[in-house]
2 protein chains.
Amino acid sequence: MISSKEVAREAGVSQSTVSRVLNNSNRVSKENVAKVTEAMRKLNYRPNAIARSLVSKRSKTIALISGPLHNPFFVETTSSIVNYAKEKGYNTNVFFENNGDNMAVYETVLSMQVDGIILSSVFMDDPILQELQTSQIPYVMFNRKHNEGGNFVELNNYQAGKMAADHLYQLGHKHIGFIGGPMYTSTFYGRYLGFTEGIAEQTMETGKVFLNETDTSEEAIADAIFKMMGRKERPTAVFAATDAIAITAMDTLMELGYRVPEDISICGVDNVRMARHHAFELTTIGAQSNKNLGRLGIEHLINSIEAGKENMSPIQVTLEPALYQRKTTGPFKPGSV
Amino acid sequence: MISSKEVAREAGVSQSTVSRVLNNSNRVSKENVAKVTEAMRKLNYRPNAIARSLVSKRSKTIALISGPLHNPFFVETTSSIVNYAKEKGYNTNVFFENNGDNMAVYETVLSMQVDGIILSSVFMDDPILQELQTSQIPYVMFNRKHNEGGNFVELNNYQAGKMAADHLYQLGHKHIGFIGGPMYTSTFYGRYLGFTEGIAEQTMETGKVFLNETDTSEEAIADAIFKMMGRKERPTAVFAATDAIAITAMDTLMELGYRVPEDISICGVDNVRMARHHAFELTTIGAQSNKNLGRLGIEHLINSIEAGKENMSPIQVTLEPALYQRKTTGPFKPGSV
DNA sequence: ACTTTTTATGTATGCGATTTCATAATAAAA
DNA sequence: TTTTATTATGAAATCGCATACATAAAAAGT
């Protein structure tokens, strides 16, 4: 590896002069800039980013700890985050959540000297928030948030659940299944709470909610469907707490011979791009924003970073949801299933 | 930030002793190990990864330069790569290809002191290969390969194209559309070549291939469909050079009122997971391997890294394809479209 | 022409770890 | 007990760059 010292020798100047032209300081004469530039070219010099960040204390990289990519929501956010960060001059170190055991990842990230952290992996009572705050590293949680607050960008999950309940109730459904992930995450918890309270408000005496708490793996979702549809009283609609779940649920349901929405209605949450595909036309609930939560999160994060520790203001954003009614929900037909 | 020096002071030992326990050298007495460990805990010390890599010359991070995530193929490879790397103790810096202009990304990556580079973004005559080879950094190209060879893991694209031609021909189709991306990438070029030569071999005197070279954006694909289906002689089948293209093409076709495969057959390449969904059941051509190309690539890359520069052997893997016949291709019916 | 300010450059130091080398302390061999 | 081998520890150099500081040279004021 060619170092700035060798460039200096080649150019016949001191290493600090080389460093100066590297950082295009205007304190260098045109002649020396030329000599140094030429020497760099000749030696095919590339500055060592590691060394730079050791002294500058800024690595120009951020860490993303994301939910798994088999969920299209995270496909979209990951894409947005990486691209926006790049645009702003930051590299992104990507990690995927590892079924609950994120501590190893957190340890890695905290010793990596990243300039900022954006994560979707927190639990409502996750000890990581504490670590994050004492570490002084700018961070923002997206999608999920923590009980204690902190910096976050989220959807109003409670409202989303409620809207689903209203929508399905108005279509006449009485027996509704809920499929969601772990209740110690704010998204699933909020959506479930809003949903059940929405149902309750409608005073559906005869209404029933079948709760399925899964780990969001395809197998677990399929199992939930099997169990639910195997009952004597089958649901005529299911509220999937994410579009990813909805899409897998649909797959299983179709495999079992059900038609959507004729036999059973499905409503998701997140309004992912894929849900708009003609093969799905999924009814869903999502934020009224043309930027996804990842994008909003990374914008805030980078603002925070560039503002500096002194004038870092808290980030607490909750987006209001809207219903995107498409073709997977329809009116209850007696005797349909 | 707490440094090892402060830990040393707290523990009453020298900084080098702290470093030794950090790297669990066995040259430290149990008492000192205990003292140092305690001091680390007390001060909430985290080693500075940047400093470590400056001296050790290994950053334990690799760079991934991937195709865009709106292509599900890259969703799968990205996931595999990041997770496998993590498993092996490597962090992954992710970049997404930027419509042809990858030089900025390459520059960044080359000065980042990564331990290895895995990339899907090369063109057949891309100058990056040269850079890669002189840089001495272990690398492997996946999916696409370079004219000059280098290290790669790919599908036999020529064969894949040929299989598509055979399959569609055997179903009786004479007018077939091809939709693919830029011909300066080995994937699209190889698939196109195999396809047209396959068609030619079948001596389909009356056969016609409509070539559509797009930039793989949704709009471009939709435009290609519009143009193709607007002709007097419409194709009765289309060979989409990737599943991503096939899925978007299907969307557009369905929007225009066509039924698949009754009105028009579609065959893709890559055998992405999503293509198996009941809403698609896409006929496709893919490698006969339970590991995707990204996974194979990263395994080879990490082997290379750990083998050391001395015993790094070239990586040249070409997987043979197989046809996965599902529900989007069917026999030609005269007068169908 | 002499002082003062500005500009260009080099020297030296430090970022936070790893690692070589020298040495003190201890254990093993004689 | 003396010599030798072994083990534990610290001092110091180093990695590649940025930057504070000192200073020489040039430009500007007076």
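Within every chain, numbering begins at 1; the chains are lettered A, B, ... in the order of the sequence lines, protein sequences first and strands thereafter.
- Residues A:S25 and A:N23 have side chains that never bring a donor and an acceptor to within less than 3.5 angstrom of each other.
- Side-chain nitrogen and oxygen atoms of B:N48 include none within less than 4.0 Å of the OP1 or OP2 phosphate oxygen of C:dC15.
- Rounded to an integer number of Å, the gap from A:N24 CG to D:dT19 C1' is 16 Å.
- Annotation: B:K86, atom NZ; neighbour count of heavy atoms from other residues, nucleotides and ligands within 6.0 Å is above 12.
- A close approach under 4.0 Å does not occur between any side-chain nitrogen or oxygen of B:N32 and OP1 or OP2 of D:dA8.
- Note: CE (B:M40) to P (C:dA17) measures 9 Å, nearest angstrom.
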Polar-atom pairs under 3.5 Å, protein N or O versus N or O of nucleotides 18-20 of chain C: list them with distances, or write none.
residue : atom : partner : partner atom : Å
C:dT18  : OP1  : B:N23   : OD1          : 3.1
C:dT18  : OP1  : B:N23   : ND2          : 3.0
C:dT18  : OP1  : B:R52   : NE           : 3.0
C:dT18  : OP1  : B:R52   : NH2          : 3.1
C:dT18  : OP2  : B:S19   : OG           : 2.3
C:dT18  : OP2  : B:N23   : ND2          : 3.1
C:dT18  : O4   : B:Q15   : OE1          : 3.3
C:dT20  : O4   : B:R20   : NH2          : 3.4

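- The separation between A:I2 atom CD1 and D:dC15 atom C1' is 15 Å, rounded to whole Å.
- Atom pair A:R27:CZ and D:dC21:C1' shows a separation of 14 Å (rounding to whole Å applied).
- The shortest distance between side-chain heavy atoms of B:L110 and B:I117 falls below 4.5 Å.
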With salt bridge (charged side-chain N to carboxylate O under 4.0 Å, His left out) as the criterion, how do A:R295 and A:E299 come out once you've worked through the C-alpha distance, each side chain's angles and the decisive distance to 0.1 Å?
CA-CA 6 Å; A:R295 169 64 186 247; A:E299 287 183 8; 2.5 Å; yes
Starting at the 5' end of DNA chain D, write a dot or bracket for each base, bracketing those in Watson-Crick or G-U wobble pairs whose two distances are under 3.5 Å and using | for partners on another strand.
.||||||||||||||||||||||||||||.
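- With respect to the salt-bridge test (charged N to carboxylate O, under 4.0 angstrom), the residues A:R41 and A:E38 qualify.
- To the nearest angstrom, P of C:dG16 lies 9 Å from CD of A:Q113.
- Proximity of A:T17 to the phosphate of C:dT9: no side-chain N or O atom is located under 4.0 Å from OP1 or OP2.
- Look at NZ on A:K5: it is 14 Å from C1' on D:dA18, rounded to the nearest Å.
- Residues B:E154 and B:R144 are not paired through a salt bridge, judged by the lack of any N-O separation under 4.0 Å between the basic side chain and the carboxylate.
- The shortest distance between the side-chain N/O atoms of A:S14 and the OP1/OP2 oxygens of C:dG10 is below 4.0 Å.
- In this structure, the side chains of A:I302 and A:Y90 come closer than 4.5 Å at one or more pairs of heavy atoms.
- In this structure, A:K57 reaches the C:dG16 phosphate: one of its side-chain N or O atoms is under 4.0 Å from OP1 or OP2.
- For A:I50 and C:dA17, the CD1 to C1' distance is 12 Å, given to the nearest whole Å.
- Taking the charged nitrogens against the carboxylate oxygens, A:R46 and B:E131 do have a contact shorter than 4.0 Å, which makes a salt bridge.
- Distance CZ (A:R58) to P (D:dC17): 17 Å, rounded to an integer number of Å.
- Distance alone, capped at 3.5 Å, is enough to place a donor-acceptor pair between the B:S120 side chain and the B:G67 backbone.
- Contact between the side-chain N/O atoms of A:S29 and the OP1/OP2 oxygens of C:dT9 is found at a separation under 4.0 Å.
- Both A:A49 and B:N26 lie close to DNA chain D; mapped to their nearest nucleotides by heavy-atom distance, the more 5′-ward contact belongs to B:N26.
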Go through the steps for A:S80 and A:N292 under the test side chain to side chain donor-acceptor pair (under 3.5 Å), then give the verdict.
CA-CA 8 Å; A:S80 297; A:N292 65 49; 2.8 Å; yes
